[in-house]
Amino acid sequence: MTFDDQDYLLRYPMIERVLISSEDITRRIRQLGNEISRDYQGSTPIFVCILKGAYPFLADLTRCVSVEHEVDFMAVSSYDGGVQSTGVVKIEKDLKANITDRDVVLVEDIIDTGLTISYLVDMLQTRNPRSIRVASLLDKKAARKKEVPLHYVGFEIPKEFVIGYGLDYDEKFRNLPFIGIMKA
Ligand code: IMP
């Protein structure tokens with residue numbers, strides 16, 4: 001844990017503990033960036049950030065990607081401010097780019113039930129991209145209701161509600177540099 005992580009812990013007493021430190025996140029994202037750069041040699045992939053939660057991951061990941069690429073953004077809502085999945089996915093903001101014949105990398109913060117990402121993959125497949133792969137910082141495998149192929153995963157985590165590094169509770173705590181667990 002860095003000094004910065006400890007400083008945040010002191011300032012946010014509602015956080016119980018750090019699950020993944022900012023140093024570990026940085027190290028793992030560098031590895032994922034290298035892997036993606038190798039896999040997409042000769043292509044110009046388009047990284048699609050799923051807002052809001054994936055914005056820090058997109059920013060850090062793409063800075064570790066050495067192949068030429070583009071970024072675009074989609075906003076979806078699947079949770080209604082709380083901690084339970086509703087299973088309903090609403091597209092709040094669609095892509096600007098045309099993804100037909102493009103290599104697409106969907107960038108997610110966390111795959112929980114899998115409902116959101118499987119809906120998105122199916123929806124984007126209808127636009128005839130050359131390929132779609134999913135990069136998710138976190139994978140809560142034990143919570144899965146729908147199987148989805150994940151190509152790039154940062155960390156597998158237990159079935160606990162986490163906050164930080166883009167992930168929110170009631171729109172707060174996205175700014176934390178680490179992944180943390182809140183006090184019950
Ligand atoms: P899924 O459809 O259940 O896979 O949920 C995906 C979305 O739910 C993520 O993109 C997050 O926005 C949100 N989510 C799932 N688990 C957590 C969590 O532990 N903390 C914060 N948000 C979460």
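If you're wondering where the values come from, they're calculated on a predicted model, not measured in any experiment. Counting starts at 1 for both ligands and their atoms, following the listed order.
- For the residue pair T100 and N128, no side-chain donor N or O sits within less than 3.5 Å of a side-chain acceptor on the partner.
- Put simply, no part of R144 is less than 4.0 Å from ligand 1, judged by heavy atoms.
- Close approach of ligand 1 to D109 (heavy-atom distance below 4.0 Å) involves ligand atoms 9 (C), 10 (O), 11 (C), 12 (O).
- Nearest-heavy-atom check against atom 11 (C) of ligand 1 across V148, I110, I179 picks out I110.
- Residue G53 places every heavy atom at 4.0 Å or more from ligand 1.
- Between K140 and ligand 1 there is a heavy-atom distance shorter than 4.0 Å.
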Let me check something: any side-chain donor-acceptor pairs from residues 149-158 under 3.5 Å, sequence neighbours excluded? List them with distances.
from, atom 1, to, atom 2, distance (Å)
H151, ND1, V134, N, 3.1
Y152, OH, D39, OD2, 2.6
Y152, OH, R133, NH1, 2.8

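- Remark: the E92 side chain and the S77 side chain contain an N/O donor-acceptor pair separated by less than 3.5 Å.
- For a threshold of 3.5 Å applied to N or O pairs, the pair formed by L167 and ligand 1 contains no separation below that value.
- N34 and S37 are not linked by any side-chain donor-acceptor pair at a separation below 3.5 angstrom, with hydrogens and angles left out of the test.
- S43 and D103 make their closest contact through OG-OD2, 2.7 Å (heavy atoms, listed as atom of the first residue, atom of the second, distance).
- The ring-ring contact (aromatic ring centres under 6.0 Å, His included) test applied to Y55 returns no partner, not counting sequence neighbours.
- The closest approach between any non-hydrogen atom of V76 and ligand 1 is not below 4.0 Å.
- At a 3.5 angstrom cut-off on N or O pairs, I111 does not count as close to ligand 1.
- For ligand 1, the atoms lying closer than 4.0 Å to a non-hydrogen atom of G114 are 1 (P), 3 (O), 4 (O).
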